Amino acid sequence: MAKRDDIKAVMTEDPTTIERSEPISAAYQILQRAPFHHLVVTDDGEAVGIVATSDILRLVYDVDGTDDRALRSYIDHQFTIDDAMSVDLRTLTLGATVKEAAALLADGSFHSIVVLDDGGKLAGIVTTTDLARYLRDEL
């Protein structure tokens with residue numbers, strides 16, 4: 001395993017995104033059906049936040065036991081994506097290395113990094129799961 005492997009070795013290119021103006025139930029529905037747990041939140045194409053399955057569940061923890069359709073309706077009337085997303089984005093550029101991504105994720109306070117191209121546009125996402133898979137394959 002090379003310490004200077006390019007971040008592209010671990011990142012997911014063209015990650016699934018959701019517009020900030022979408023109802024939170026849309027984010028919940030995407031995440032419920034997806035094999036991933038993080039959505040990049042965009043505003044006019046710019047990355048402005050991250051929303052994870054756990055963020056949405058934290059908002060509605062007290063609604064446990066309701067059916068799925070009722071839950072989606074409830075969260076749309078009570079919350080927005082802004083209520084759930086983290087705006088404290090950790091970002092790297094396409095020139096970053098896997099080691100730099102690992103260093104950011106190592107403290108455990110967050111589980112995803114937004115990767116931006118040279119123009120500051122969304123290029124990908126790296127999650128702790130991506131990094132674990134990379135290490136599994138390299139060891």
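Bear in mind the structure is a predicted one, so any value in this text is a computation, not a measurement. If you read the sequence from its start, that first residue is 1, and numbering goes on from there.
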- Query: By side-chain contact (heavy atoms from CB on, under 4.5 Å), which residues pair with Leu116, not counting sequence neighbours?
  - Reply: Thr91, Val114
- Item | Least distance between heavy atoms, Phe36 atom then Thr16 atom | CZ-OG1, 3.4 Å
- Item | Partner residues of Asp137 under the side chain to side chain donor-acceptor pair (under 3.5 Å) criterion, sequence neighbours left out | none
- Note on the structure: Nearest heavy-atom contact between Gly124 and Pro15 is CA-CD, 3.6 Å
- Task: For Ile24 and Phe79, work out which heavy atoms get closest and say how close.
- Result: CG2-O, 3.8 Å
- Query: Is Val126 close to Leu104 at the side-chain level, that is, under 4.5 Å between some pair of heavy atoms?
  - Reply: no
- Message: By the side-chain hydrogen bond (donor to acceptor under 3.5 Å, both in side chains) test, which pairs, at least two apart or in different chains, include something from residues 115-127?
- Response: Glu46-Lys121, Thr127-Asp130
- Task: Report the C-alpha distance between Lys8 and Val115 in whole Å, list the side-chain angles of each, state the deciding distance to 0.1 Å, and finish with yes or no for side-chain contact (heavy atoms from CB on, under 4.5 Å).
- Result: CA-CA 9 Å; Lys8 289 181 183 181; Val115 181; over 6 Å; no
- Determine the minimum heavy-atom distance between Phe110 and Thr128, stating which atoms define it. O-CG2, 4.4 Å
- Over all heavy atoms of both residues, which pair between Pro23 and Ile18 is shortest? Give the atoms and the distance, please. O-CD1, 4.4 Å
- Task: Just jot down the side-chain contact (heavy atoms from CB on, under 4.5 Å) partners of Ala52, sequence neighbours excluded, or say none.
- Result: His38, Ser54, Asp55
- Task: Please answer: with hydrophobic residues joined when any side-chain heavy atoms are less than 4.5 Å apart, are Val98 and Ile113 in the same cluster?
- Result: yes
- Test side-chain contact (heavy atoms from CB on, under 4.5 Å) applied to Thr42 - qualifying residues, sequence neighbours left out: Thr17, Glu19, Val40
- Query: Is Ile125 linked to Ile30 within one hydrophobic cluster, defined over Ile, Leu, Val, Met, Phe, Trp and Tyr using a side-chain heavy-atom separation of less than 4.5 Å?
  - Reply: no
- Task: Mind jotting down which residue pairs meet the salt bridge (Lys or Arg N to Asp or Glu O under 4.0 Å) criterion with at least one end in residues 75-89? Sequence neighbours excluded, please.
- Result: Arg20-Asp82, Asp88-Arg90
- Exactly one of Thr80, Ile81, Leu39, Val41 clears side chain to side chain contact (heavy atoms under 4.5 Å, CB included) with Glu22, and that residue is Ile81
- Could you tell me the separation between the OG atom of Ser112 and the CG atom of Leu131, rounded to the nearest 0.5 Å? 12.5 Å
- Task: Please name all residues satisfying side-chain contact (heavy atoms from CB on, under 4.5 Å) with Asp14, sequence neighbours left out, ordered by chain then number.
- Result: none
- Note on the structure: Separation between OH (Tyr28) and CG (Leu57), nearest 0.5 Å, reads 6.5 Å
- Task: Mind checking the OG1-CG spacing from Thr97 to Leu92? Nearest 0.5 Å is all I need.
- Result: 8.0 Å
- Task: Test Met85 against Val48 for side-chain contact (heavy atoms from CB on, under 4.5 Å), laying out the working first.
- Result: CA-CA 9 Å; Met85 77 177 185; Val48 295; 4.2 Å; yes
- Do you know the tightest heavy-atom contact between His37 and Leu31? C-CD2, 3.6 Å
